[in-house]
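Residue numbering restarts at 1 for every chain, and letters A, B, ... go by the order of the sequence lines.
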Amino acid sequence: MNLYRHADYAREQVFDADVVVVGTGAGGAAAGAELAEAGLDVIFVEEGGYHPTGSFNPYMTESVPRLYRDAGTTAILGRPAIPYMEGRCVGGTTVINGGMAYRAPDEVLTGWERLTRDAAYGPSGMAPVFDEVEEMISARRQRPESIGDDNRIMHLGAEKLGWKSELNPRAQDRCVGTNNCVLGCPTGGKQSALVSTMPRAMRAGARCLTELRVERLIVEGGRCVGVVGRSPDPRTRRALREVTVRARAVVVAAGAIHTPYLLLGQKVGRPSRQLGRNFLCHPNAKVMAYYPFDVKAWQGVSQWSQVREFRNEGILFAENMIPPWPVGAALPWHGEKSMELLERYNQMLVTGVLVEDSTTGRVTRGPLGMPITRYDITDWDFHRFVEGVRRLSELHFAMGADLLVLPFRGAHLARSMDDVRKVTVDTVKKHHIELFTVHLMGTARLGSHPDDSVVDPNGQLWDLPGCYVSDASLFPTAVGVNPQVTIMALAVQVGRRLAERLLHQRARTAA
Amino acid sequence: MARVLTPDGPELSWRRARTPRPVDQEGERLAAEMARPTGALQRHPDDGWVFADPYPLSVDLVSAFHGLIRALIPPAPVVPDVEVRIEQQVRRMMPYMQPLIAFGFTVVLRTLDLAPLWRGRALKRLRDMAPADASALLEELEKSRVGPISDMVVAVRAAVLAPYYDLDELAAHVGYRAEPFMRDRVALRRRLVAGGEARPEDHIGPYSDRVRALVRDAAEGDDEGGGDVSTEDER
């Protein structure tokens, strides 16, 4: 048996493996696939459920509680608070993300090489791994039949203004522009971990324990030798069955919030006091644009291109169309006003301004299994958001938009650039900007010395042998681009190094 | 080929060090199932997952919630049983939230229901006000300078309007007909995976003369070295 659900734990509560991997997202699945294909016995532990491609649909009714952590009600505390989205299902956030497949830029990797003193994390060391990861997820630009009118408007708008607009490489194989990325791709075109790395691991004999939340690590003789989790009753959601997985090594890949949450509870990763710190999140602000003609932006791929003209300032623009239900939830009106705008749903574009972090936040442990994440944008970030929104608005009005909904509380509507220009850092307050994010990174940073990092260049905790980290927590600094490919590349490196070590030990024991 | 440095030995070629396992039959079946599109697109997919029971709310709190729903949803179109359907949907999502957040939501429902009293607006609860009056009061609260008051309205508005616009009637009303579109796209991808080619009618849009003209201009510009939005550009 390879896949376990809650009911199966009535029969079996203790498992043994070479490696237990906590989490099946971009990092966990990639590391686990490498380990399984190397011939090691791998068990994945996934807090969420198993939902195959055939179960995906365009309705939030069951999709959100099935696929999203806490049914999508997660938020980073700060001024302003920032809602964030994280997957909780087999495949993790890759099941619900946009599938952008950008490599970390060389200037970022050069910094990582310096911080880790390991060439494997520098531009030359990462390049061949990026090549392999891109092959795994079929990273490429879109086919023409997947492109919709919102894609055309954004790309041509940038060209009209003389801005650099790049066609995105995406994790996709014959994507046909269904634009259901946020609720799982029903065609199998998006190459999430569910359809790329997890199947590889399964074919190699890995097992996956789903609906099981890891609560603590097992530490014996100063070494991490397994995990203990609880599986909640599916009807009552009360934690019932305790399950133990013992292994020669534990790979924690629960994401940049839940990885430090788990480790902090164990009182490990402490020498540098960096665990949970250095939290990065690439905050985003939305600009919704209405055109006086049909766009039907829900048809066609999400994020065909990105406007990268202002990349040096750490600002990116992209379109990212979403179904009516999140639009209705995000619009700052209810009742008739809400309907008035939703009745123009076919004429609207949802676009975003992404700003590279200029500060860091922190993850700590809260009550009742709840991590507390704190992050405050800086004045510089706020300035860039105001500036980014102004430039993006310029693009929309240049392309014929007649109404914009801006992300500033108290200054939402703009019918012309004059309205937009009234929004300045002096006229709106920093905590009145409406942000969200899906890029969570950096809370168990890689480094070359235990004084300033949480894990060593092999991904192993400095103060807990046998415990590895393999997700976006590893990022020593922000990458400034969509992080999936970089997460996977780091995970492949961690997985391979660990496999080498375990196979070497196995060979020595046999000898 | 990637090369890694082992901690216990010399640098090894990764691929040489592998000892692949034979293909696992059960794993092979699962791997195929994970990636197989069925095109079923069911609102309640039958994949063996068990949905949680609705979060327990007292009759009184349900009544308060219905009052808030009436105040927040648009008066038209009229949808049968809309309050119950939204309430049920929210209550089915609440067990998946952090327990403190779910409990906090019930506190917010209660607090907003009593808003006419603590706001000094009327000697009755919000559920007892006419929907238009209740809606106006919530709008006023949303504009409050006190952050937590405004945040309460934003949270409940999102919790109510997300399931509202997910109703079949509302999706159709705003022109979002995702299911037939997606069914066609699933069939298209099947054809592409089987080695077929996309036909002209498989392309999406342009849906307006304006965008048609933009694309045409861009194509002409492309002939002169400008941008291109129609040609395949695979890496």
* Give the intermediate values and the outcome of side chain to side chain donor-acceptor pair (under 3.5 Å) for residues Thr74(A) and Arg69(A). => CA-CA 7 Å; Thr74(A) 41; Arg69(A) 176 173 295 289; over 6 Å; no
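- The residues Glu34(A) and Arg200(A) are annotated as salt-bridged, a charged nitrogen and a carboxylate oxygen being separated by less than 4.0 angstrom.
- Proximity to chain B is absent for every atom of Thr210(A), based on heavy atoms less than 4.5 angstrom apart.
- Using a 4.0 Å cut-off between a side-chain N of Lys or Arg and a carboxylate O of Asp or Glu, Arg88(A) and Glu211(A) do not qualify as a salt bridge.
- Taking Glu343(A), Met60(A), Glu336(A), Lys337(A) one by one and counting their heavy-atom pairs under 4.5 Å with chain B, the maximum is reached by Met60(A).
- Interface remark: Val90(A) contributes side-chain atoms only to the contact with chain B (heavy atom separation under 4.5 Å).
- Looking at Ser305(A) and Ser165(A), their side chains come closer than 4.5 Å, going by heavy atoms from C-beta outward.
- Without hydrogens or angle criteria, Asp149(A) side chain to Tyr207(B) main chain gives a donor-acceptor distance under 3.5 Å.
- Of the listed residues (Pro232(A), Gly335(A), Gly54(A)), the greatest number of heavy-atom pairs within a distance under 4.5 Å of chain B belongs to Gly335(A).
- A donor atom on one side chain and an acceptor atom on the other are not found under 3.5 Å apart for His432(A) and Arg409(A).
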* To do: Would you check, one step at a time, whether the test salt bridge (charged side-chain N to carboxylate O under 4.0 Å, His left out) holds for Asp41(A) with Arg207(A)?
  => CA-CA 8 Å; Asp41(A) 184 14; Arg207(A) 289 169 285 171; 3.0 Å; yes
* To do: Under the salt bridge (charged side-chain N to carboxylate O under 4.0 Å, His left out) rule, what do Glu132(A) and Arg496(A) come out as? Steps first, then yes or no, please.
  => CA-CA 13 Å; Glu132(A) 287 185 64; Arg496(A) 287 179 180 174; 2.6 Å; yes
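- Among Met93(B), Arg85(B), Glu87(B), the one residue that satisfies the side-chain contact (heavy atoms from CB on, under 4.5 Å) test with Gln89(B) is Met93(B).
- Looking at Arg344(A), neither its backbone nor its side chain comes within 4.5 Å of chain B, counting heavy atoms on both sides.
- For residues 32-42 of chain B, the set of pairs meeting the salt bridge (Lys or Arg N to Asp or Glu O under 4.0 Å) definition, not counting sequence neighbours, comprises Arg29(B)-Glu33(B).
- In this structure, chain B has heavy atoms under 4.5 Å from both the backbone and the side chain of Pro332(A).
- Put simply, of Pro324(A), Gly328(A), Pro323(A), the one with the most heavy-atom pairs under 4.5 Å next to chain B is Pro324(A).
- Centroid-to-centroid, the aromatic rings of Tyr176(B) and Tyr345(A) come within less than 6.0 Å.
- Taking a cutoff of 4.0 Å between a charged side-chain nitrogen and a carboxylate oxygen, Arg66(A) and Asp47(B) qualify as a salt bridge.
- Leu342(A) has its side chain within reach of Leu331(A): a pair of non-hydrogen atoms, C-beta onward, lies under 4.5 Å apart.
- Within the 4.5 angstrom heavy-atom criterion, no atom of Leu498(A) approaches chain B.
- With a threshold of 4.5 angstrom between heavy atoms, Ile73(B) approaches chain A through N, CA, C or O but not through any side-chain atom.
- Heavy-atom pairs under 4.5 Å with chain B were tallied for Met1(A), Met202(A), Glu62(A); the largest tally goes to Glu62(A).
- The greatest number of non-hydrogen atom pairs below 4.5 Å with chain A, out of Leu161(B), Val153(B), Leu72(B), is found for Leu72(B).
- Most heavy-atom pairs under 4.5 Å with chain B, from the set Gly49(A), Gly189(A), Pro457(A): that is Gly189(A).
- Neither the backbone nor the side chain of Ala155(B) comes within contact range of chain A; no heavy atoms are under 4.5 Å apart.
- Within residues 182-192 of chain B, the residues approaching chain A closer than 4.5 Å by heavy atoms are, in numerical order, Met182(B), Arg185(B), Val186(B), Leu188(B), Arg189(B), Leu192(B).
- Going from atom CE of Met152(B) over to atom CD of Glu142(B) covers 12.0 Å, rounded to the nearest 0.5 Å.
- The parts of Val193(B) that come within reach of chain A are both its backbone and its side chain, each placing non-hydrogen atoms under 4.5 angstrom from that chain.
- For the set Gln98(B), Met97(B), Glu26(B), the entry with the most heavy-atom pairs within less than 4.5 Å of chain A is Gln98(B).
- Contact of Pro326(A) with chain B is not made at all, since no heavy-atom distance falls under 4.5 Å.
- Both the backbone and the side chain of Tyr50(A) come within contact range of chain B, judged by heavy atoms closer than 4.5 Å.
- Proximity to chain A is absent for every atom of Ala159(B), based on heavy atoms less than 4.5 angstrom apart.
- Ring pair Trp298(A)/Phe181(B): centre-to-centre distance below 6.0 Å.
- No other option in Lys160(A), His6(A), Arg5(A), Met339(A) has as many heavy-atom pairs under 4.5 Å with chain B as Met339(A).
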* Audit row: Arg497(A), Asp118(A), salt bridge (charged side-chain N to carboxylate O under 4.0 Å, His left out) steps and yes/no -> CA-CA 13 Å; Arg497(A) 289 181 180 202; Asp118(A) 189 333; 3.0 Å; yes
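- Both the backbone and the side chain of Arg235(A) have a heavy atom closer than 4.5 Å to some heavy atom of chain B.
- When all heavy atoms are compared, the tightest approach of Val211(B) to Phe293(A) is CG2-CE1, 3.6 Å.
- Although no hydrogens or angles enter the test, the distance criterion places a donor-acceptor pair under 3.5 Å between the side chain of Gln191(A) and the main chain of Gly188(A).
- Counting heavy-atom pairs closer than 4.5 Å to chain A, the top-ranked of the candidates Asp202(B), Leu30(B), Ile101(B) is Leu30(B).
- Checked for salt-bridge contact, Asp173(A) and Arg140(A) miss the test: no charged N lies under 4.0 Å from a carboxylate O.
- Heavy-atom pairs under 4.5 Å with chain A were tallied for Ala76(B), Ala32(B), Pro75(B), Ala71(B); the largest tally goes to Pro75(B).
- Side-chain contact, Ser63(A) with Asn57(A): a donor N or O sits under 3.5 Å from an acceptor N or O.
- With sequence neighbours excluded, the residues that form a ring pair (Phe, Tyr, Trp, His ring centres under 6.0 Å) with Trp49(B) are His51(A), Phe51(B), Tyr96(B).
- Proximity to chain B is limited to the side chain of Arg237(A), based on heavy atoms less than 4.5 angstrom apart.
- Looking at Ile153(A), only its side chain comes within 4.5 Å of chain B, counting heavy atoms on both sides.
- With no hydrogens or angles considered, a side-chain donor-acceptor pair links His334(A) and Ser135(B) at under 3.5 Å.
- Within residues 164-175 of chain B, the residues that have a heavy atom under 4.5 Å from a heavy atom of chain A are Tyr164(B), Tyr165(B), Asp166(B), Asp168(B), Leu170(B), His173(B), Val174(B), Gly175(B), listed by number.
- Only the side chain of Val64(A) comes within contact range of chain B, judged by heavy atoms closer than 4.5 Å.
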